[in-house]
Each structure stands twice: as C-alpha cells, then as structure tokens.
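Written below as structure tokens is the structure these notes are about.
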Amino acid sequence: MRLILEKRSEHSEFMTLMSPLLAIFLTVITGAIIFALQGLNPLEALYVYFVEPVTSMWSIEEVLVKAAPLILIGVGLSICYMANVWNIGAEGQLTMGATFGSIVPIFFTSWQSPLTLVAMLICGAIGGAAFAAIPAFLKNRFNANEILTSLMLVYIAQLILDWLVRGPWRDPKGYNFPQSIPFEDWQLLPTLGDGRVHIGIILAIVAVIILSILMSRTLKGFEIMVVGNSPRAGRFSGFSRKKTVWFCLLLSGGLAGLAGIGEVAGPSGQLQPSISPGYGFTAIIVAFLGRLNPIGVFFAGIMLAITYIGGEGAQVVLGVSDKTAQVFQGILLFFILACDTLILYRIKLLGSVTPQQAAAE
Amino acid sequence: MDGTQAIILTIITASTPLLLAAIGELVVERSGVLNLGVEGMMVMGAVCGFATAYTTGSPTLGIFAGIMAGVGMAFIFAFMTQTLVSNQVATGLALTLLGLGLSGLIGESFVGLPGVKLTPISIPLLGDIPFIGRILFGQDILVYASLALVVATTYVLFRTRIGLIIRAVGDNHHSAHSLGYNVIMVRYACILFGGACAGLSGAYLSLAYTPQWIENMTAGRGWIALALVVFATWLPKRLAIGAYLFGTVWIMGLYVQAQGLGIPSQFLSSLPYLVTIIALVIISGNKTLTRVNTPACIGQSFVPDR
C-alpha cells in the first residue's frame with residue numbers, strides 16, 4: 001500500500017473552494033476524537049467551541065473584536081505569501097505599531113481633537129511598517145532571509161515594549177504595575193453601539209475590500225502574483241522583485257501596526273507588556289485558511305476568532321485548558337495545507353505495484 | 001570553582017542545545033529540505049523529556065522520550081512535505097505553531113515542578129585537574145554527544161557514499177532520481193534525523209540547562225539554530241564554532257545583567273536575537289561563501305514523474 005500523487009491536467013476549481021471547508025471539517029472530527037479521549041461528550045464540547053460563540057449577541061461582539069486584528073494582519077500576510085515574501089514577524093510589527101501609536105496619548109496627553117485618533121492610527125501604521133522595513137531592507141540589500149530576520153525582530157519588539165512599560169513609560173500612578181497611563185475617552189476607538197465592538201472591524205473590512213480590488217483589478221496585483229508564482233516570468237516582464245519585497249512588507253507591516261494600535265486603543269485602553277494573544281502568528285493560519293484571498297481571509301478571520309472565544313468558553317464550561325484552542329489552530333493549518341494538495345493532485349492509494357504495472361503506466 | 005570557570009561551564013551548557021538542533025537541521029537542509037519547524041520539535045522534545053523524566057525519575061528515559069517526540073513531529077512534517085508535497089515553509093510554520101500549542105497543553109500540569117537533572121559524568125583523575133578538569137572532562141554526556149555528532153556528521157556527509165547521496169539529492173533531485181536513488185526516502189530519513197536532534201536538544205534544555213518546564217522555554221532557540229545553519233554555510237565545523245559563539249553571547253548577556261551595570265535587562269536579553277540578525281546579514285551578503293555550499297534544491301518539492 002502506498003500513496004501516489006497524480007498531477008491533475010489543470011488545477012481543480014472545485015477543490016479550490018472545497019479545500020478550506022474540508023480542512024475545517026477534518027479539524028472538527030479530530031477535535032471530537034481529542035475530546036472523547038479526554039472523557040468529554042464530543043458533541044457538547046464541539047458545540048461549546050464552534051457554535052456557542054455565535055449564539056448570543058455578547059459573544060458575537062467578542063468574536064468581532066478578536067476578528068478585527070486577525071483580518072487586518074491576515075489580509076496583509078496573504079498578499080506577502082502570494083508574492084513569496086515570507087513575513088512571519090507580524091506579531092513584532094503589531095507590537096511596534098501599538099508602541100508608536102501610543103506616543104500620541106502618552107506624550108500629548110491633553111491634545112483633545114477629532115484628529116487625535118487619526119494621528120494615533122497613522123503613527124501605529126507607520127510603526128508597524130517601519131519595523132517591517134528592517135527585514136525588507138536586509139533582504140534586498142544583503143539577501144538575508146526574511147523569515148529569520150522578521151521572526152527575530154518579534155522578540156526584539158516585545159523586549160522594547162517590555163522595557164518601555166516597566167521603565168520610561170510606566171504610569172507613575174499605576175502602583176508600580178508595568179503599564180502606561182490609561183488612555184482618555186477621546187484617545188480610544190469609538191465603539192459601534194453600546195457594545196464592545198470598536199471601529200477596528202470596519203477598518204478590517206475596508207482593508208479587505210481595498211486589497212481585494214488591488215489583487216483582482218490592478219496591475220500591481222497582477223505583478224505580485226507573477227513575481228510570486230513565477231519569478232522568471234516576473235523578471236522577463238520587467239517586474240522588480242525588490243520593489244515587490246518592499247511593497248509587501250511595508251503593506252503587511254502597516255496593517256499589523258494598525259491592528260496593534262487598535263488593540264491598545266480598543267480592548268485594553270493602555271500599553272501593557274503583552275498586548276496580543278499571538279494574533280500575529282494566528283494570522284498566518286488565517287491567511288492560509290482564506291486561501292491567500294482577501295475575501296477568504298475575512299471569513300477565515302471570523303472562524304479563527306470563534307475558536308478563541310470558544311476556547312475561553314470551554315475553559316469555563318468544560319474545564320478544558322485554554323491551550324486546546326491553540327492546538328486546534330495548529331491542526332487546522334496542517335489540514336489546510338494537506339487539502340491544498342488536492343487542488344493540484346489526485347491522491348491514489350495503490351496496493352503493492354509490480355514493476356511491470358508501473359512500467360505499463 | 002572560580003568565576004571564569006563557572007562562566008565557561010554555563011557557556012558550554014548554553015551552546016549545546018543550539019549545536020544539537022542546528023546539526024540536525026544542517027543534514028535536513030543538505031538533503032534539500034527546509035524544515036522551519038525546529039522550534040516546534042524542540043519544544044515538544046523539552047516537554048516530553050521533562051514529563052517522562054519527572055514521572056519515571058530517570059533522565060535517560062527523558063532523553064529518549066525527547067528524541068521520540070522530535071521524531072514524531074518530524075514525521076508529520078515529512079509526510080506532509082514529501083508524500084503530500086505541501087509547501088515546506090508553510091508546513092514548517094505549522095509544525096512550530098502546533099508544537100508550541102501542544103507542548104503548552106501537555107506541560108500544563110508540570111509547570112513549577114522540580115525537575116530531574118541530568119548529572120555530569122565525572123572521570124576520576126582527569127576530572128580533578130584544576131580548572132580545565134571540570135571543563136573538559138566533567139560535562140554531562142550530551143555535551144560530548146553533540147561534539148561527537150559534529151565529527152560524525154562531517155565524516156558521513158563528506159567522506160561516505162551515504163553523504164554523497166544526501167548531497168546529490170539536495171543539489172539536484174532530478175539527477176539523483178535518474179541515477180536510481182529514492183529521493184523521497186532519503187529526505188524522509190534526513191528529516192527524521194533532524195527531528196531526533198531537535199527533540200534531543202529540547203530535552204537537553206529541560207533536563208540539563210534549566211531542569212524544569214516553562215512554557216515556550218525554547219525562547220526562539222530553534223529559530224536561532226536555523227539561522228546558525230545559514231551562518232555556518234552548511235558546514236558542520238563552522239556550525240560548532242557558530243553555536244559556541246552564540247552560546248557565549250547568550251551567557252554574556254545574562255552575566256552582564258547580573259553585574260548590574262545599569263543597562264536595561266531587556267536590552268541584554270535581546271542580544272542573541274540581534275546578533276542572529278547581524279550574523280545573517282554578514283554571511284548572506286557574502287555571495288561566494290553562500291553560493292558554494294547552499295544546497296541548490298533547498299525548499300523545492302520533488303514529485304517523481306512516472
């Protein structure tokens with residue numbers, strides 16, 4: 001018995017749509033098995049994880065709050081990965097975005113104007129983009145692998161933030177807690193209605209629409225796809241690989257920075273040593289689950305946000321560790337990648353093949 | 001035991017996990033595969049090694065469990081990238097994300113428990129030589145194993161037929177396939193070897209370096225190991241030098257911190273990551289150094305056409 005891959009004559013449109021759904025289905029089945037092994041009722045556990053988060057208004061709001069940064073970052077990463085630029089340091093760019101954006105409320109405490117928030121968001125995006133510019137520069141100038149440099153910068157960004165909130169930026173009235181001064185009302189993102197959903201989700205939707213148009217309707221989008229899929233063809237058509245690297249990293253860094261300032265000016269309301277439960281890394285899964293397509297990323301972001309909220313719910317209701325959600329996310333990415341094989345190949349399970357049979361093929 | 005000796009001893013223990021993980025990845029990359037899941041395999045090795053040693057009281061079993069955890073994770077990667085020809089970069093990332101999550105889950109009940117320390121061997125007489133006795137002859141077995149592994153890897157890769165096949169597969173998988181070598185199987189074997197090394201490296205962390213389980217205790221060492229392979233331009237000897245250089249940076253940061261010179265601790269903690277970036281830049285900018293040894297087929301999937 002062995003697995004044989006047979007190349008399809010053209011890639012399967014059906015499987016392109018089906019593979020993410022199939023991956024989710026397989027993850028749910030695996031989840032059921034894991035829960036059953038832990039002695040839980042699998043159906044009840046799956047309900048808590050995947051359905052309960054969308055049954056009450058309160059939890060739907062929480063899902064949207066978590067989906068906003070995931071979509072913002074994921075949509076940027078999807079463009080990067082499309083171009084074969086492997087930015088995996090979005091978590092660091094998010095951290096620097098949060099830090100840069102916080103300069104406004106921390107140093108201009110009394111500047112109260114409708115422009116305050118705009119300035120914060122712009123600073124956040126600039127911070128993220130500037131931090132992503134480092135791997136872009138090192139890649140283009142020294143050919144240094146952007147995977148490793150962008151990831152190393154995550155640790156550096158987190159240490160910079162840690163130093164700031166424990167040192168120079170610590171709130172003098174904060175009883176020595178490592179946190180900045182709390183932001184004032186006008187420095188916080190406005191919420192939609194009375195709930196917790198802030199305009200971050202609107203920003204995410206705008207980003208999805210713009211990038212979706214960029215990828216499907218503009219020359220730049222075409223250039224990104226050519227450079228990513230076929231570097232040789234890209235060179236012949238005069239598209240610059242270096243410019244693509246700059247474009248993708250600055251764009252995804254800026255969006256991650258926006259997500260970062262959205263977190264501090266949204267749910268948390270001040271700078272803290274840890275501002276994100278790994279959104280920058282989960283967004284990698286979001287990008288792949290969305291099949292590197294901005295619209296797909298939107299739904300994938302909602303899906304992954306549900307697992308976060310479901311994970312919190314399961315911790316309370318079932319006493320399951322909150323780490324379980326992270327394991328699900330990892331398994332999901334494996335299934336996505338495995339199912340993507342089906343787009344280009346047919347999988348055949350063969351019995352033992354005799355050399356004659358093999359030759360006859 | 002005076003100060004200098006203590007520092008040298010800690011540098012050795014800090015360098016060993018880097019060396020172990022990196023030597024495995026070097027072999028993997030020589031066969032033309034880029035496994036970015038080192039961090040995930042390592043952290044799984046750390047948690048399984050700790051859990052087993054704690055439950056059984058035997059560090060030896062812990063080491064074995066660490067290796068097996070690494071091999072298990074590597075098998076998932078090999079199946080995905082070799083049998084299902086998935087994208088190697090994405091699959092490696094998935095392996096790291098899964099490893100970090102799963103290790104957190106497994107290790108939850110082991111946080112804060114006292115660990116079982118792997119005891120250093122002591123050779124009578126030789127180990128009693130002042131100063132260098134402890135350093136040269138009083139290490140734990142894995143330190144010697146890591147150095148032996150460097151020598152063995154150099155020998156196998158460059159002096160044996162097996163090594164030639166591995167390098168052929170990594171440099172041109174089509175030619176190797178035409179010559180009748182089973183590219184997929186060679187890569188499977190190399191990936192599993194890399195997993196064993198990464199698992200061993202993780203077990204070293206949780207059994208010898210800091211004998212306890214802390215979530216995410218690998219702290220980016222798997223990624224630094226990946227960078228080390230590039231830094232060493234895929235040569236085992238340079239890898240050993242590189243690993244010890246990085247271990248020195250890591251420990252010097254902690255040492256200066258302990259001296260309390262008023263430098264923010266966060267700055268010193270970021271040194272290993274900063275140095276990694278600088279090292280990558282220096283080596284990658286040098287085209288002659290990298291071109292000669294970079295496996296030509298690295299990261300490319302191979303599907304035998306029939």
Side-chain angles (χ1 to χ4, degrees), chain A residues 2-7 81 84 86 88 134-135 138-139 141-145 147-149 151-164 166-167 278 281-282 284-285 288 321-334 336-338 340-342 344-345 347 358-359 361, chain B residues 34 36 39-40 76-77 79-81 83-87 89-109 215 219-220 223-224 226-227 230 264-270 272-277 279-287 290 303-306:
Chain A
R2 55 196 193 120
L3 274 174
I4 296 286
L5 293 184
E6 193 179 85
K7 194 148 185 133
Y81 300 163
N84 248 326
W86 295 96
I88 58 169
I134 302 171
L138 298 180
K139 170 86 179 174
R141 178 71 181 76
F142 301 103
N143 198 28
N145 184 324
I147 303 174
L148 296 171
T149 51
L151 189 100
M152 287 296 131
L153 286 167
V154 173
Y155 293 97
I156 294 175
Q158 287 172 339
L159 286 162
I160 293 176
L161 173 65
D162 193 74
W163 170 65
L164 285 173
R166 285 175 206 276
F281 294 114
T282 310
I284 297 173
I285 306 177
F288 279 105
S321 161
D322 59 332
K323 309 276 177 347
T324 317
Q326 216 185 334
V327 175
F328 273 159
Q329 294 170 356
I331 294 175
L332 176 62
L333 182 50
F334 271 112
I336 297 163
L337 295 171
D340 277 1
T341 303
L342 296 171
L344 288 175
Y345 299 93
I347 292 184
E361 281 180 44
Chain B
L34 179 65
L36 291 180
E39 182 88 0
I76 304 178
F77 179 84
F79 179 76
M80 293 282 299
T81 57
T83 305
L84 296 181
V85 291
S86 65
N87 179 314
V89 174
T91 311
L93 287 177
L95 199 66
T96 290
L97 291 175
L98 179 70
L100 289 174
L102 201 55
S103 64
L105 190 63
I106 297 173
E108 212 162 38
S109 49
E215 211 188 326
W223 294 102
I224 292 181
L226 276 158
V230 180
S265 67
Q266 291 90 347
F267 175 73
L268 296 167
S269 310
S270 71
Y273 312 112
L274 215 54
V275 170
T276 306
I277 296 177
L280 271 176
V281 166
I282 292 171
I283 293 296
S284 310
N286 188 336
K287 291 212 172 82
T290 40
V303 187
D305 27 276
R306 293 173 303 118

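FYI, side chains are in, hydrogens and waters are out, and symmetry mates aren't considered; it's all heavy atoms of this structure. If you're wondering where the values come from, they're calculated on a predicted model, not measured in any experiment. Quick note on labels: first sequence line is chain A, next is B, and so on, each numbered from 1.
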Is the closest side-chain heavy-atom distance between [X] and [Y] below 4.5 Å?
| X | Y | answer |
| --- | --- | --- |
| B:Val303 | A:Tyr345 | yes |
| B:Gln266 | A:Gln158 | no |
| A:Gln329 | B:Leu97 | no |

Closest non-hydrogen atom pair between [X] and [Y], with its separation:
| X | Y | value |
| --- | --- | --- |
| B:Trp223 | A:Met152 | CB-CE, 3.4 Å |
| A:Tyr155 | B:Glu39 | OH-OE2, 4.0 Å |
| A:Ala338 | B:Met80 | N-CE, 3.6 Å |
| B:Ala90 | A:Leu333 | O-CD2, 4.5 Å |
| A:Leu5 | B:Val85 | CD1-CG2, 3.4 Å |

Under 4.5 Å from any heavy atom of chain A - which part of [X]:
| X | result |
| --- | --- |
| B:Val281 | both |
| B:Ile283 | neither |
| B:Thr83 | both |

Atom group of [X] that falls short of 4.5 Å from chain B, counting heavy atoms:
| X | answer |
| --- | --- |
| A:Asn143 | both |
| A:Ile88 | side chain |
| A:Ile147 | side chain |
| A:Ile285 | side chain |
| A:Arg166 | side chain |

Within the supplied structure, the quantity of interest is the number of heavy atoms (other residues, nucleotides, ligands) at a distance under 6.0 Å from B:Phe267 CZ; does it exceed 12?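 No, because the 6.0 Å sphere around CZ of B:Phe267 holds 12 heavy atoms or fewer from other groups.
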From [X] atom [atom1] to [Y] atom [atom2], the distance as rounded to the nearest 0.5 Å:
| X | Y | atom1 | atom2 | result |
| --- | --- | --- | --- | --- |
| B:Thr96 | A:Leu151 | OG1 | CG | 8.5 Å |
| B:Phe77 | A:Phe334 | CZ | CZ | 8.5 Å |
| B:Ile277 | A:Leu153 | CD1 | CG | 4.0 Å |
| B:Ser284 | A:Leu138 | OG | CG | 9.0 Å |
| A:Leu337 | B:Thr91 | CG | OG1 | 4.5 Å |

For A:Thr341, enumerate each residue passing the side-chain hydrogen bond (donor to acceptor under 3.5 Å, both in side chains) test, keeping only those at least two apart in sequence or located in another chain.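 By the side-chain hydrogen bond (donor to acceptor under 3.5 Å, both in side chains) rule, A:Thr341 matches no residue at all.
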Looking at [options], which makes the most heavy-atom pairs under 4.5 Å with chain A?
| options | answer |
| --- | --- |
| B:Ser265, B:Gly285, B:Ala94 | B:Ala94 |
| B:Leu100, B:Ile224, B:Val230, B:Leu95 | B:Leu95 |
| B:Pro264, B:Ser86, B:Gly99 | B:Pro264 |
| B:Thr276, B:Asn286, B:Ile282 | B:Thr276 |

Return the set of residues passing ring pair (Phe, Tyr, Trp, His ring centres under 6.0 Å) with A:Trp86 (not counting sequence neighbours), or none when no residue passes.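 Expected list: A:Tyr81.
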Could you tell me which of A:Asp162, A:Ile331, A:Leu344, A:Thr149 has the largest number of non-hydrogen atom pairs under 4.5 Å with chain B?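 Between A:Asp162, A:Ile331, A:Leu344, A:Thr149, the count favours A:Asp162.
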Among the options A:Lys139, A:Arg141, A:Lys7, A:Gln326, pick out the one with the most heavy-atom pairs lying under 4.5 Å from chain B.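 When all of A:Lys139, A:Arg141, A:Lys7, A:Gln326 are compared, A:Gln326 has the most.
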Full working for side-chain contact (heavy atoms from CB on, under 4.5 Å) between A:Thr324 and B:Leu105: CA-CA 7 Å; A:Thr324 317; B:Leu105 190 63; 3.8 Å; yes
